[in-house]
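Structure, as structure tokens:
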Amino acid sequence: MPEVEVSLPDRIDSEIARLVDQGEFLNREQAVEELLSMGVSAYAPSETTEEPDQDLFTQMTEDQQDPAARTDDGDDYSF
């Protein structure tokens with residue numbers, strides 16, 4: 001496994017130490033490895049196999065209604 005040296009701000013270092021002390025991780029090495037893995041996976045592209053509907057844009061525009069074209073019979077206002 002490759003070794004990497006990383007400089008961390010004091011607040012991040014303290015937070016990692018706190019998580020280890022609270023028992024969230026067995027040790028500092030495990031904490032750093034898991035936290036880095038979670039961070040990297042947050043930037044990974046989502047693996048969706050479902051392709052977007054080809055008519056998605058068309059359907060959305062067809063569903064829109066022009067508020068000026070409403071035919072409300074109850075309004076007595078006119079311009």
Side-chain angles (χ1 to χ4, degrees):
M1 181 180 303
E3 290 189 28
V4 177
E5 185 175 323
V6 178
S7 298
L8 299 172
D10 289 338
R11 116 185 126 72
I12 300 294
D13 186 55
S14 298
E15 190 66 23
I16 291 172
R18 182 186 65 78
L19 291 169
V20 172
D21 291 343
Q22 289 179 345
E24 296 290 328
F25 300 99
L26 294 175
N27 55 42
R28 183 176 178 78
E29 183 179 335
Q30 181 198 26
V32 171
E33 182 179 345
E34 284 192 39
L35 292 169
L36 282 173
S37 294
M38 289 170 36
V40 169
S41 66
Y43 284 97
S46 61
E47 296 181 19
T48 58
T49 56
E50 192 176 306
E51 293 198 20
D53 187 12
Q54 297 296 330
D55 295 325
L56 181 62
F57 178 76
T58 306
Q59 183 63 40
M60 289 179 66
T61 55
E62 288 173 357
D63 289 345
Q64 294 178 355
Q65 296 178 0
D66 183 3
R70 291 188 308 183
T71 57
D72 293 339
D73 295 331
D75 285 341
D76 293 333
Y77 298 105
S78 62
F79 292 98

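What you see is a predicted model; the values in this text were computed from it and never measured.
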- Message: Go through it in stages, so that I can follow the logic: the residues are L35 and F25, the test is side-chain contact (heavy atoms from CB on, under 4.5 Å), and I'd like the CA-CA distance, side-chain angles, deciding distance and then a yes or no.
- Response: CA-CA 10 Å; L35 292 169; F25 300 99; 4.1 Å; yes

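- The hydrophobic clustering, which links ILVMFWY residues whose side-chain heavy atoms are closer than 4.5 Å, places V4 and L36 together.
- A distance-only check finds a donor-acceptor pair linking the side chain of Q30 to the backbone of L26 [under 3.5 Å].
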Atom pairs and distances, side-chain donor-acceptor, residues 7-14, under 3.5 Å, sequence neighbours left out:
{"residue": "D13", "atom": "OD1", "partner": "R28", "partner atom": "NH1", "Å": "3.1"}
{"residue": "D13", "atom": "OD1", "partner": "R28", "partner atom": "NH2", "Å": "2.3"}
{"residue": "S14", "atom": "OG", "partner": "D10", "partner atom": "O", "Å": "3.0"}

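- For the side chain to side chain donor-acceptor pair (under 3.5 Å) condition, the pairs that include at least one residue of residues 16-27, sequence neighbours left out, are E15-R18, R18-Q22.
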